[in-house]
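For reference, the structure discussed in these notes is given below.
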Amino acid sequence: MAEEASHTFLRQFGCEQSLLSKPDGSASYFQGDTNVLSGVYGPAEVKVSKEIYDRATLEVLIQPKVGLPSVRERAREQCVRETCEAVLLSTLHPRSSLTLILQVIHDDGSLLSCCLNAACMALMDAGLPMSCLFCGITCSISVDGQIITDPTAEQEKESRALMTFAIDSAQKGVLMATTKGSFSVTELQECIAVSQKASERIFQFYRDSVFRRYSKIL
Amino acid sequence: MAAGFKTAEPLEYHRSFLKENCRPDGRELGEFRATTLNIGSILTAEGSALVKIGNTTVICGIKTELASPTVDGPTKGYVVPNVELPSLCSSRFRSGPPGEQAQAASQFIADVIESSEVIQTEDLCVEKGKLCWVLYCDIVCLDYDGNLLDACIIALLAALKNTQLPEVMINSETEQPVVDLEKKRPLKVHRHPVGSSFAVFDKTILIVDPTAEEESLSTGLMTVVMDEEGRMCCLHKPGGTALSGEKLQDCVSRAVARHTEVRKLIDKVLESMKMDT
């Protein structure tokens, strides 16, 4: 569990891994009241129609808290899938399938970034080879131009613009970006800089949790 | 020889061109394909436009309907965008319910409409809490050769600028709406969002307006939507290789230039339509 820092405020976040018995990797990730449960299956057998001859087929499913997945979930699935594809070394498992399921437990803002973090934790738990790690950060720009990282649902509603980035751990580059509302180019650059700064804390958390988990064996 | 090379090693084939700062179709890295626009192609729709960017062809029709507004927004109408990718446009799409790409594109267009405030939903209100307009923006791709999102935004913008809403009065006795088809007024378009798409090759080379082949070979795609004041309405990068801040800045300046190009094109076509009538 992480503490709050002064410069980039993130709500309290934490994660539990390997909490489900059936999936090959699972994680439950929370940021404040936002909570996502994720499970990874694979590498497993793939349907012939979805088979790719030189790499694994990744499928991402996002299940909302109530009701059936809609167009909004599809758009989110696409974002998460393409982010994971960029870091996963899927060429090591050709002609196989990877399935990542994200179940929304509770949404209190910054849902997409929580989905990304839960996905990364589950992929780590499954032990799938990745070129680097990634994390998701949501920033909102309030009406008076202030940048808020990891906003709650209420802060999201009051904001003028909302952006979600996926940052990779190797170069701190922007893997995925999706925005809502209008903003200037300098505001965008500022938000990216703030997110990169905030990502360091999440990566440190990843490192600590892995360290804690495996240090018992040594 | 060249044809065999292209089929056997498509990525190497493209790389050999990119090394020389050009592309297989003769374009430079930062060059868009020829964009053509026809406005008012569908006479039965309230507004329509057909856009071609190279081979990519997209048609947008806007149909209107009267409905009652929601309780949350009694002064607001609705804009319902929908992007269709029928099996006609490319072998990669199957018939049946819309696939992931079509749904993601629909959501993207809905986000652009909301973020850019191209239409203010208050303008669609006929009478508060009773009657408002619904704009169904149906975008159909006829030929898919990459850069779908740019084409969709241009088609949508041109079609909205072409849309005429008939006058509606509410009969005070029967409380039924009466539509006067003789009197029509154009829809107010508040802002002009224009998109520019980019593809990243080999994690470093940035090209604009990718074709379908370039899209599938690239390691990342990105779409930047700008309005006339140089503000960004949408930055959509659904994954792929990481981009640095400088590269992003390059994309933004290219997107600003593209905005003026497209704006001029739309104005020119609208002007020529006025001259005809």
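Proteins get letters first, then strands, A, B, ... in listed order; numbering begins at 1 in each. Predicted, not measured: the structure shown is a model, and the values here were computed from it. All heavy atoms count here, side chains included; hydrogens, waters and symmetry mates do not.
G240(B) and A86(A) make their closest contact through O-CB, 3.4 Å (heavy atoms, listed as atom of the first residue, atom of the second, distance). Looking at every heavy atom in both residues, G181(A) comes nearest to S115(B) through N-OG, 2.9 Å.
Side chains of R81(A) and E100(B) form a contact here, defined as non-hydrogen atoms less than 4.5 Å apart. Here the side chains of L248(B) and V185(A) are not in contact, with every heavy-atom distance at 4.5 Å or above.
Within a 6.0 Å radius of CZ in R15(B), other residues, nucleotides and ligands contribute more than 12 heavy atoms. Applying the 6.0 Å contact sphere to CZ of R207(A) captures no more than 12 heavy atoms from other residues, nucleotides or ligands. Enclosure of atom CD in Q189(A) by more than 12 non-hydrogen atoms of other residues, nucleotides or ligands within 6.0 angstrom is indicated. Within 6.0 Å of NZ in K76(B) there are 12 or fewer heavy atoms belonging to other residues, nucleotides or ligands. In this structure, R263(B) places its CZ atom where more than 12 heavy-atom neighbours from other residues, nucleotides or ligands lie under 6.0 Å away.
Heavy-atom distances place the backbone of T241(B), and not its side chain, under 4.5 Å from chain A. With a 4.5 angstrom heavy-atom cutoff, L175(A) touches chain B via backbone and side-chain atoms both. In this structure, no portion of L162(A) lies under 4.5 Å from any heavy atom of chain B. Both the backbone and the side chain of A177(A) come within contact range of chain B, judged by heavy atoms closer than 4.5 Å. With a 4.5 Å cut-off on non-hydrogen atoms, E114(B) touches chain A through its side chain but not through its backbone. In this structure, chain B has no heavy atom under 4.5 Å from any part of Q196(A).
Each of V87(A), L188(A), T179(A) has some count of heavy-atom pairs under 4.5 Å with chain B, and the biggest count is that of T179(A). Residue with the most contacts toward chain B among T178(A), V174(A), I192(A), I167(A): V174(A) (heavy-atom pairs, distance under 4.5 Å).
Residues Q103(B) and Q78(A) have side chains that never bring a donor and an acceptor to within less than 3.5 angstrom of each other.
Heavy-atom proximity under 4.5 angstrom to chain A picks out G230(B), R231(B), M232(B), C233(B), C234(B), L235(B), H236(B), K237(B), P238(B) from residues 212-238 of chain B.
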Legend entry - Derivation and outcome, side chain to side chain contact (heavy atoms under 4.5 Å, CB included), residues Q107(B) and R74(A): CA-CA 9 Å; Q107(B) 182 65 42; R74(A) 276 292 122 68; over 6 Å; no

